[in-house]
Amino acid sequence: MPFSDLLKLALRNLREAKLRATLTSMGVIVGVAVIVTMVSFGLGLQRNLLSRFKALDLFSEMSVYGKTVSEALDRSSSSRRGGDRPPGSRSAKIEAPTRILDDSAVAEIAKIPGVVYVEPAVFFVVQVRVNGKTFGDDVAGCNVPNLSSRFREFEAGQMISSPQADEAVVTFDFARNAGFATAADAIGKNIEFLVPAKGSKPEDAEPPSFFGLPLGGDEAQPSKAGVTVGRTFRIVGVLKELKPNGGPGPSRGFMPTAEISIPIAAAHQWSIEHSGEQAEVIMALARESGAIKEDQAPGYLSAVVRVTDPVALTDVRKKIKEIGLGSFSIVDQLDQIRTVFLIIDSVLGLLGGISLLVASFGIANTMIMSILERTREIGIMKAIGAEDREIKLIFFFEAAVIGLTGGIIGSLAAWGIDAAANRLAYRFILKPQGASFVDFFSMPPYLWLGAIVFALSVSILAALYPASRAARIDPVRALRHD
């Protein structure tokens, strides 16, 4: 019997039992819709998370750290005592860096193939005077030019023009706290870094005395503390305001955000010239103990290394480890993130698969009922020469039509459910909070195509027993069947 005749016969049989075929197909439709909807939700979560990481510029950067001066001093003292750190300490669990992250290490990292630039972390707090106001704020050094996403969006102005320029980029909050009506008003204004005036003394310092009695008669000579401008920077850019819903803003990448950003060389020079007394004491002790050399500069706490391509992260990290430094990248967590989402997608798919399994029982029941109703017809077909294989194919075609129809309609239903859920979530959840539209679902072609193939396969498997039973019917008894 030709293939086309078998297909026409299967379609005719389904048309004769429209209600039964429709109800059976509805089971497949519901099963496919549930599978596609739930798995697409899991894929949407994964896509949104990875896109968020990408928007935060975490795939092209890594954090590098070295041995700090304090750690070097502690290890030097420990080695002189002949002791080691306790087994439960942090160094026992994580391989600690063996080299200080100083200028020479930064220069060596910059020469590694695949590295665009290295941005050491230089942060300090300083009293500033701007627009007639004086207050303390945090300052950070930044590379110029800088490819980090935190310097891509400006409310006004632009990025610092050159590494040697006495220019600064500030956040929108800084401009507002400084009393500027708009971000554009801050452009061109000066920021003065204040330091104590030379020879000044605290106002509450006690005057010279002899056994508690003031010297110089009754007239006291109180000294007055004074301040002077240590350095001046001109505001050339105001970063875009950070969104209240955590959207794109200046807090991106591995480098922490500071209210004021100046060229890295100027920031480094300032941090050295105005280091606190405790930092000077630690450096002196470290040099005395031999932990660092006399001509060696204090190292940076960390640095951000930007690579040409995220694929190069692995090779660059190996090189960094070889020179005695440690590193961290979000890529370290990607495998764990993918594993978690694989488990989530599997559980969601399993829950949806249960409904499709229930639908397969409906298909088997429909096929068995069809056999009972068409026993005499099957007997006639076998009597005029139909083979067992052709009888099986008729039932397989009927099941395949149910599965294919249910898979296609179920995928379309899942697409409609996803679209409606996105709109409802935006209307009643995101929009009232001032958030932008978010697509919570991801339906790649392989998902709905795979769901259709899966529904088709389950339908054919469900028809195995009914088709085999139909092929075993004795034509003599079938012809006698009432």
Side-chain angles (χ1 to χ4, degrees), residues 55-57 61 117 119-197 225-271 273-274 304 306 431 433-436:
L56 292 174
D57 209 19
E61 294 182 352
Y117 61 76
E119 185 177 13
V122 182
F123 290 89
F124 55 88
V125 177
V126 66
Q127 290 292 320
V128 299
R129 184 161 57 203
V130 57
N131 196 31
K133 293 187 176 183
T134 303
F135 53 90
D137 224 326
D138 49 340
V139 183
C142 62
N143 274 20
V144 180
N146 199 300
L147 300 178
S148 177
S149 60
R150 70 183 188 275
F151 293 119
R152 289 180 188 168
E153 300 180 21
F154 287 83
E155 290 282 353
Q158 59 187 3
M159 185 56 182
I160 299 170
S161 59
S162 69
Q164 294 78 29
D166 289 335
E167 298 174 349
V169 169
V170 299
T171 64
F172 185 84
D173 290 338
F174 176 88
R176 184 164 44 197
N177 294 336
F180 294 109
T182 63
D185 293 339
I187 303 302
K189 302 300 188 298
N190 290 332
I191 302 177
E192 297 176 343
F193 287 10
L194 304 180
V195 296
V227 295
T228 185
V229 178
R231 193 158 182 177
T232 303
F233 294 89
R234 184 171 58 89
I235 300 176
V236 295
V238 178
L239 295 174
K240 198 171 187 62
E241 183 179 12
L242 183 64
K243 302 296 188 299
N245 62 348
S251 295
R252 287 181 275 183
F254 278 97
M255 188 67 71
T257 303
E259 296 296 314
I260 306 170
S261 298
I262 61 177
I264 190 72
H268 191 205
Q269 180 183 358
W270 181 276
S271 63
E273 293 177 352
H274 301 86
V304 172
R306 189 173 187 88
K431 190 176 181 180
Q433 298 180 0
S436 58

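For the pair Ile191 and Val170, the minimum side-chain heavy-atom distance is below 4.5 Å. The side-chain heavy atoms of Leu239 and Phe151, taken from C-beta on, include a pair separated by under 4.5 Å.
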Carefully, step by step, assess Val126 and Leu194 under the rule side-chain contact (heavy atoms from CB on, under 4.5 Å).
-> CA-CA 7 Å; Val126 66; Leu194 304 180; 6.0 Å; no

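Considering every non-hydrogen atom in both Ile160 and Ala165, the closest pair reads CG2-CB, 4.3 Å. When all heavy atoms are compared, the tightest approach of Phe124 to Ala267 is CE2-O, 3.7 Å. Here the closest heavy-atom approach between residue Phe123 and residue Ala121 is recorded as CE1-CB, 3.9 Å. Across every non-hydrogen atom of Ala258 and Ser261, the tightest pair is O-OG, 4.5 Å. The minimum heavy-atom distance between Ala168 and Phe233, with the atom names listed, is CB-CB, 4.0 Å.
Judged purely by atom type and a 3.5 angstrom limit, His268 has no side-chain atom pairing as donor or acceptor with the backbone of Ile264.
For residues 120-136, the set of pairs meeting the side-chain hydrogen bond (donor to acceptor under 3.5 Å, both in side chains) definition, not counting sequence neighbours, comprises Arg129-Glu192. Contacts classified as salt bridge (Lys or Arg N to Asp or Glu O under 4.0 Å) and involving residues 228-237 (residues at least two apart or in different chains) are given here: Asp166-Arg231, Glu167-Arg234.
Residues that satisfy the side chain to side chain contact (heavy atoms under 4.5 Å, CB included) test with Thr228, not counting sequence neighbours, are Val195. Under the side chain to side chain contact (heavy atoms under 4.5 Å, CB included) criterion, Ala175 pairs with Phe180, Ala186, Val238, sequence neighbours left out. Looking at residues two or more places apart in sequence or on another chain, you find no salt bridge (Lys or Arg N to Asp or Glu O under 4.0 Å) involving Glu155.
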Distance-only criterion, 3.5 Å: show the donor-acceptor pairs between side-chain atoms of residues 136-147 and protein atoms not counting sequence neighbours.
{"residue": "Asp138", "atom": "OD1", "partner": "Glu259", "partner atom": "N", "Å": "3.4"}
{"residue": "Asn143", "atom": "ND2", "partner": "Val118", "partner atom": "O", "Å": "3.0"}
{"residue": "Asn146", "atom": "OD1", "partner": "Tyr117", "partner atom": "OH", "Å": "3.0"}
{"residue": "Asn146", "atom": "OD1", "partner": "Ser148", "partner atom": "N", "Å": "2.9"}
{"residue": "Asn146", "atom": "ND2", "partner": "Glu119", "partner atom": "OE1", "Å": "3.4"}
{"residue": "Asn146", "atom": "ND2", "partner": "Glu119", "partner atom": "OE2", "Å": "3.2"}
{"residue": "Asn146", "atom": "ND2", "partner": "Asn143", "partner atom": "O", "Å": "3.2"}

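Phe193 and Trp270 have perpendicular rings, their planes meeting at more than 60° on a 0 to 90° scale where under 30° would count as parallel.
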